[in-house]
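To start, the structure itself, in structure tokens.
What's counted below: heavy atoms across the whole structure, side chains too, no hydrogens, waters or symmetry copies.
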Amino acid sequence: MTVIRSMVLVSDDPLSRERNAGAVQERFAEEIRRRGLEGEIAVHTISGIRCKTVSPLAIVYPEAAVYGPMRVEDVPLVVEEHLVRRRPVPALMPPPHKFSGRLAWLPRRKGTLPAEQRVVLQRVGVIDPESLDDYLAHEGYEALRRVLGTSTPADVIDMVYKSGLQGRGGAGFPTGLKWRFVAGAKSKKKYVVCNADESEPGTFKDRTILEGDPHSIVEAMTIAAFAVGADEGYIYVRGEYRLAQARLRKAIRQARQAGFLGENILDSGFSFDIHVHSGAGAYICGEETALLESLEGKRGEPRFRPPYPTTCGLWCKPTLVNNVETLANVPAITRNGWQWYRMFGTPGSPGTKVYTILGNVKRRGVIEVPLGITLREVIAIYGGGMEDGTRLKLAQTGGSSGSVVPASLQDTPMDFNSYKQAGVSLGSGALLICNEDTCVIDLARVLMNFFRVESCGKCTPCRVGTRRAHAILTRISRGQGTMSDLDELETIAEALATLSNCGLGTSASVPLRDILRHYRAEVEAHLRLKVCPAGVCAMEGSRD
Amino acid sequence: MDAVVDSHRITLAVHEALEEHGHSRGELIPVLKAVGEALGYLPTLAMVEVARAMQIAPGQVFSVATFYTLIPTEPRGRHVIQFCESAPCHVQGGRLVWETLRAELGISPGETTPDGRWTLLTTSCIGQCDRGPVMMVDDDLHGDLTPDGVGEILERYE
């Protein structure tokens, strides 16, 4: 048996690919081969470390030395100096301040960056996502083994329930309760569906998980299927996520071959299999009943509820629908116990949350932190502060189920309950940080345009309301608004919130209500004075 | 409109998609996507043929096809630009880039240039927001766009 003394990991994600990471990896392999070291030094890919300033990265283990951005012509030097002479090349290593918090796991960097709490992302960026061996070496399929070996379905559900895990798709529904409903539904046929149709503006946490650790979802779904009594599963991945789809398909093939999926899993008598289904481009399919319609080959229009999917889901069989991030918590909870999980976060909202930080901050990216951290902390610690000395005006927390959060709430703990009490919502985990150059009318117009385009058209309040609201906001941004527009916006928001058939319409009301509540003066300046205080709106029609 | 693709090619593409995905109703979307990818778009005749093969009404096929953005039902240019118009890209400088892009191409969203080189579309968030503003040109992703840099990217596509 050959002993691998060093390992080179080259980042492989859309950004790295665009910057020639493939050629960098090939050059590493070539240089290593040329020196006859291919038995001692392995070259693999990793994904998920999407550090804009340093991609593509090459990480050399066991030293965990990080090189980047790597150019093809730098490769021979790293191979000769670091891998042959064992002298790392500091000149090619980026200084620590160029990293965002997502590299905190690197042993060498410990203490130089604020620690994240990685549960969901524990393997992302650490393992080769296309290698089952890597997954197994990092506690992979241990949770499944334990569940099938020693637990009853009731035990598993009890554990998930006690962990306090809440759905991470945006609504925050208790996961254990959902599992209990499906388990309790009487039917020979049941399904487990993973909702990977991530399309909330500003959100790419699920893609990070799927691209970086696809086996964790396969394992989690299998555990869920055992708990609720399902024998077939679907992962509904949005059509644009091609790399995620390819990696999931590969992981499923590997899991089948190794006996973690398919007939009689690990000789337990339990059978379960998973299909990957590619979406075809429709935001609304992230709504769970629309997703089920789409899986059945129909237009993705949300169903009227009740009945709920837990009793009448896919092909009207009891169906468990969980978000990617929700599922990714399950193996860790199973391995470490629900008490361990409750050490993170707040009593009302245990666990961690994956956020994407975007907008006018110095560093954008993905972080995983305990629930209950504040917006101020996120901006200061992980975002590196506001861009160019500007000041925070508001944060938009996720396209659909989120809110426009004013700066006055930046010290409110970010967890499902505290936010609810403050009258705002956490949404899917996108944190779009906006400075004072942002105009609330302009922002609301862009958000409303999104809802207008993505409304499926099934129910009238949403189809007409989003269209109407967008037209009014556009008019206001041109300086042609009147005070009566305020009343009409209020009426539309009310109708959207109370009469829409699904969450899309309800969510569309949120930015309207938020700007009218928190930024009334700024809105009225557009109407009465025909002035955009932030200087964004063209107001070109005001002199007509 | 259907004259763009001859009927023989349509029949062949439909046949191949059905071979791969099967005839069951649940496979309608993958079948339509596959035909669309093979032909560049989904012609009406293809929808009729799929409907016949799956024994469902052509109207149903049409209503499903037009629901999804990844199933184009009209011919497109040689290269398709999808510009993200969601809030994060907008806040991160997308507005100016968009104005430049439109001026450069001289067309409105949804249109194709007269020489058939470009189709310009807007898209909702494509999940690459830490690099916004972003656009897709065919299958390639371009991030961190600036008004000055857009022209150079377009030149790379014939």
Practice prompt. Against chain B, label A/Ile357 side chain, backbone, both or neither, depending on which of its atoms sit under 4.5 Å from a heavy atom there.
Written response: neither
Response to the item:
Interface check, chain B: of A/Gly279, A/Ala280, A/Gly239, most non-hydrogen pairs under 4.5 Å belong to A/Ala280
Worksheet item: Shortest non-hydrogen contact from B/Ala87 to A/Leu447?
Response: CB-CD2, 3.7 Å
Discussion item. Applying side chain to side chain contact (heavy atoms under 4.5 Å, CB included) to A/Phe204 and B/Ile126, what does each step give before you reach the verdict?
Written reply: CA-CA 8 Å; A/Phe204 47 91; B/Ile126 42 181; over 6 Å; no
Worksheet entry | Minimum heavy-atom distance between A/Pro14 and B/Arg131, given as atom pair plus value | C-NH1, 4.2 Å
Fill in: B/Thr66 versus chain A, the contacting section by heavy-atom distance below 4.5 Å
side chain
Fill in: Nearest-0.5 Å distance that lies between atom CZ in A/Arg364 and atom CD in B/Gln92
3.5 Å
Fill in: Sole residue of A/Glu293, A/Lys298, A/Glu301 in side-chain contact (heavy atoms from CB on, under 4.5 Å) with B/Phe67
A/Glu301
Worksheet item: With respect to chain A, which residue among B/Thr122, B/Leu32, B/Asp139 yields the maximal number of heavy-atom pairs within a distance under 4.5 Å?
Response: B/Asp139
Worksheet item: Measuring heavy-atom distances to chain B, does A/Asn449 have an atom under 4.5 Å in its side chain, in its backbone, in both, or in neither?
Response: side chain
Item to complete: Apply side chain to side chain contact (heavy atoms under 4.5 Å, CB included) to B/Met136 and A/Glu240, showing your working.
Response: CA-CA 10 Å; B/Met136 301 272 295; A/Glu240 290 86 346; over 6 Å; no
Fill in: Closest contact, heavy atoms only, B/Ser63 versus A/Arg299
O-NH1, 2.7 Å
Fill in: Among the listed options A/Glu296, A/Glu18, A/Arg17, the residue most often paired with chain B at heavy-atom distances under 4.5 Å
A/Glu18
Worksheet entry | Heavy-atom contact with chain B under 4.5 Å, split by part of A/Leu443 | side chain
Worksheet item: Can you tell me if NE2 on B/His15 sees more than 12 non-hydrogen neighbours from other groups inside 6.0 Å?
Response: no
Fill in: Heavy atoms from other residues, nucleotides or ligands near CZ of A/Arg242 exceed 12 (cutoff 6.0 Å)
no
Item to complete: Among the options B/Asp140, B/Val91, B/Leu28, pick out the one with the most heavy-atom pairs lying under 4.5 Å from chain A.
Response: B/Val91
Practice prompt. Kindly say whether A/Pro201 contributes a backbone atom to a donor-acceptor pair with the side chain of B/Ser86 at under 3.5 angstrom?
Written response: no
Worksheet item: What pair of heavy atoms forms the shortest contact from A/Trp315 to B/Gly26, and how long is it?
Response: CH2-CA, 4.0 Å
Item to complete: Might you work through the side chain to side chain contact (heavy atoms under 4.5 Å, CB included) test for A/Tyr283 and B/Cys125, ending with a clear yes or no?
Response: CA-CA 9 Å; A/Tyr283 164 78; B/Cys125 182; over 6 Å; no
Worksheet entry | A/Arg391: salt bridge (Lys or Arg N to Asp or Glu O under 4.0 Å) partners, not counting sequence neighbours | none
Discussion item. For B/Asp130 and A/Thr356: C-alpha separation, side-chain torsions, deciding distance, then whether side chain to side chain contact (heavy atoms under 4.5 Å, CB included) applies.
Written reply: CA-CA 8 Å; B/Asp130 53 343; A/Thr356 45; over 6 Å; no
Worksheet entry | Atom group of A/Cys456 that falls short of 4.5 Å from chain B, counting heavy atoms | both
Fill in: Expected output: side-chain A/Tyr241 to main-chain B/Gly127 donor-acceptor under 3.5 Å
no
Item to complete: Go through the atoms of B/Glu85 and report whether side chain, backbone, both or neither lie under 4.5 Å from a heavy atom of chain A.
Response: both
Item to complete: Can you see which heavy atom on A/Thr203 is nearest to which on B/Cys129, and at what distance?
Response: N-SG, 4.1 Å
Item to complete: For each of A/Ser199, A/Ser278, A/Gly300, tally heavy-atom pairs with chain B at distances under 4.5 Å, and name the one with the top tally.
Response: A/Gly300
